There are 2 protein chains.
Amino acid sequence: MAEREVDRSVSQTVKAQLALRDQLLSGSLRPGERISELQAVETTGASRTPVRMALVRLEEEGLLEAIPSGGFMVKAFSERDISDSIELRGTLEGLAARFAAERGVSARELEPLKECLAAIDELLRQVPISVDAFSSYVTLNARFHALLTELSRSPPLIRQIDRASSLPFASPSGFVMAQSALPEAQQILIIGQEHHRVVIDAIENREGARAEAVMREHARLAVRNLRLALRNRTHLDLLPALALIKSATD
Amino acid sequence: MAEREVDRSVSQTVKAQLALRDQLLSGSLRPGERISELQAVETTGASRTPVRMALVRLEEEGLLEAIPSGGFMVKAFSERDISDSIELRGTLEGLAARFAAERGVSARELEPLKECLAAIDELLRQVPISVDAFSSYVTLNARFHALLTELSRSPPLIRQIDRASSLPFASPSGFVMAQSALPEAQQILIIGQEHHRVVIDAIENREGARAEAVMREHARLAVRNLRLALRNRTHLDLLPALALIKSATD
DNA sequence: TCCCCCGCTATTGTATACATAACGTATTCA
DNA sequence: TGAATACGTTATGTATACAATAGCGGGGGA
């Protein structure tokens with residue numbers, strides 16, 4: 001293997017983890033399929049030790065499942081698993097919003113959130129929204145959710161929300177993309193943006209219960225739309241995360 | 001190493017994980033302290049590979065923290081981290097209770113919960129409660145919470161609750177033990193038991209919102225009592241988990 | 001005397017060799 | 001002909017060797 005170039009700026013473990021995650025989310029590995037360590041070694045270029053570490057991390061992340069007799073398989077998710085994961089995430093974000101509201105947030109901390117909000121407003125002014133603008137929306141939306149989570153100032157909660165978002169379909173980007181499959185996509189984005197506006201207002205006015213309620217509603221909207229999107233499966237190829245969905249939807 | 005007896009019924013990785021966790025929770029490793037792999041190899045009897053796997057798992061579990069330059073250190077928790085973790089767990093259990101109520105639960109599934117409830121009632125009849133009875137209570141209470149979580153029938157949620165409970169002070173046993181440090185311990189247990197009774201009633205009557213609310217209140221009670229217990233620090237040695245608390249409380 | 005640089009040591013990250021267990025296949029016996 | 005067992009192959013779990021980096025200490029120069 002004379003041609004192996006080792007990039008020491010990032011560990012082999014991390015590289016293997018990223019490469020394997022890509023394979024999982026792109027669907028080149030099928031749900032239920034056993035992961036061969038040797039095959040992973042070949043595709044990632046790392047040796048067995050870092051590959052094994054990456055597999056352990058991906059298992060903890062929820063993308064893989066340990067096989068009792070040894071090794072790992074690609075985890076499969078039902079439609080209900082997905083909607084539960086989204087609702088779960090919404091519940092945690094609701095708690096984060098409530099913490100932020102109850103504990104108080106300075107105007108300076110709220111500034112980036114408001115910038116995000118304004119940027120999204122700008123994008124949504126286009127009717128219909130362009131593909132580019134939609135892609136910007138996905139980024140900005142993810143940023144909004146991340147900033148909101150940070151406002152809770154609660155490391156354990158932030159950590160848990162990160163874990164809950166590691167399942168790709170439960171991440172903000174994931175469910176936005178699922179919603180985009182619907183004809184009423186633009187209206188949905190507008191309603192979501194209204195939720196964003198309300199949660200900031202509630203936090204500013206230190207209304208914890210209201211802040212929490214709107215984030216939970218935000219997630220319920222996402223669940224409802226995901227269900228609809230799965231019914232009329234148009235553009236579902238937009239959502240590579242669905243590579244992990246199990247046969248229940250077929 | 002002729003004397004090394006290898007028990008092949010359980011992997012070296014799991015053994016190392018258990019041994020290291022014991023060390024962490026018993027306080028033989030101090031918060032902030034770097035974990036030496038070689039030292040871990042000596043104390044656990046496993047070789048470096050399984051030790052490293054165990055370290056990765058303990059990091060994902062939240063007991064360790066990766067050091068950027070390499071290796072792991074014992075994670076330290078503030079008092080707020082702990083109360084947030086308890087509230088977080090209560091929020092998730094609230095969601096589980098709501099799922100159970102909304103999705104419906106058969107009488108047969110509810111049976112073990114009711115048995116648990118009755119057994120705890122029996123224990124609480126003693127005034128004051130004996131040490132043995134208290135220890136049974138801890139076990140039964142943990143069982144009650146585990147059964148309730150299962151009732152949600154939501155693997156992603158169950159998984160997340162398990163993760164949230166892996167922090168020892170956030171587990172049902174953990175916070176019960178913290179509460180036991182208070183003089184009004186018995187009254188607290190009685191109130192907690194009332195919460196248990198209400199959540200079952202709410203689930204039976206399919207009142208999702210009520211089931212959720214009572215579980216959240218249950219956690220808030222625990223948070224309040226933990227704060228009290230940390231103020232008048234009597235019997236805190238009952239709670240080995242506090243080995244991980246950082247100096248904020250000193 | 002203080003600061004900087006060089007080198008050493010210790011510890012981690014990585015690779016690989018070895019052992020063991022599981023699975024598949026083929027052969028044989030009923 | 002089918003089923004069961006035995007053997008072989010393959011993959012995983014474990015151990016260890018090797019390499020590289022980071023931290024530390026000593027020595028030298030300003």
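Since this is a predicted model, take the numbers as computed values, not measurements. Order of the sequence lines sets the chain letters (A, B, ...), proteins ahead of strands, with each chain counted from 1. Every heavy atom of this structure was used, including side-chain atoms; hydrogens, water molecules and symmetry mates were not.
- A donor and an acceptor atom never sit less than 3.5 Å apart when one is taken from the side chain of A/S36 and the other from the base of D/dA11.
- At whole-Å resolution of the value, CG in A/L55 and C1' in D/dA11 are 13 Å apart.
- With hydrogens and angles left out, the side-chain atoms of B/S154 and A/R80 include no donor and acceptor closer than 3.5 Å.
- If you measure from atom CZ of B/R52 to atom P of D/dT16, you get 16 Å, rounded to the nearest angstrom.
- Rounded to whole Å, atom P of D/dA11 lies 18 Å from atom CE of A/M73.
- Regarding A/I35, its CD1 atom lies at a distance of 13 Å from the P atom of D/dG13, rounded to whole Å.
- Of the residues in residues 61-71 of chain A, those placing a heavy atom less than 4.0 Å from an atom of DNA chain D are A/G70, A/G71, in numerical order.
- Not one N or O on the side chain of A/S152 forms a donor-acceptor pair closer than 3.5 Å with the backbone of A/L148.
- Judged as a side chain to side chain donor-acceptor pair (under 3.5 Å), and not counting sequence neighbours, A/E111 has no contacts.
- Rounded to an integer number of Å, the gap from CE of A/M53 to P of D/dT14 is 15 Å.
- Between the side chains of A/D81 and A/S78, at least one donor N or O lies within less than 3.5 Å of an accepting N or O.
- Across all non-hydrogen atoms, the minimal contact from A/L63 to A/L167 is CD1-CD1, 3.7 Å.
- Minimum atom distance to the side chain of B/Q12 is reached by D/dA15, of the listed D/dA15, D/dT12, C/dA15.
- Using a cutoff of 4.0 Å between basic side-chain nitrogens and carboxylate oxygens, A/K75 and A/E59 are not scored as salt-bridged.
- Between A/R34 atom CZ and C/dA22 atom P there is a gap of 11 Å when expressed in whole angstrom units.
- Residue A/S47 places at least one side-chain N or O closer than 4.0 Å to OP1 or OP2 of C/dA15.
- Residue A/S11 places no side-chain atom within donor-acceptor reach of the base of C/dT14, judged by atom type and a 3.5 Å distance cut-off alone.
- Under 3.5 Å, the side chains of A/S26 and A/S28 contain a donor-acceptor pair of N or O atoms.
- Side-chain proximity of B/R48 to the nucleotides C/dA15, D/dT12, C/dT12 is greatest for C/dT12.
- If you check C/dT16, D/dA11, C/dG13 against the side chain of B/E37, the one that comes closest is C/dG13.
- In this structure, B/E42 places its CD atom 10 Å from P of C/dT11, rounding to the nearest Å.
- C/dG13 atom P lies 11 Å from atom CD of B/E59, rounded to whole Å.
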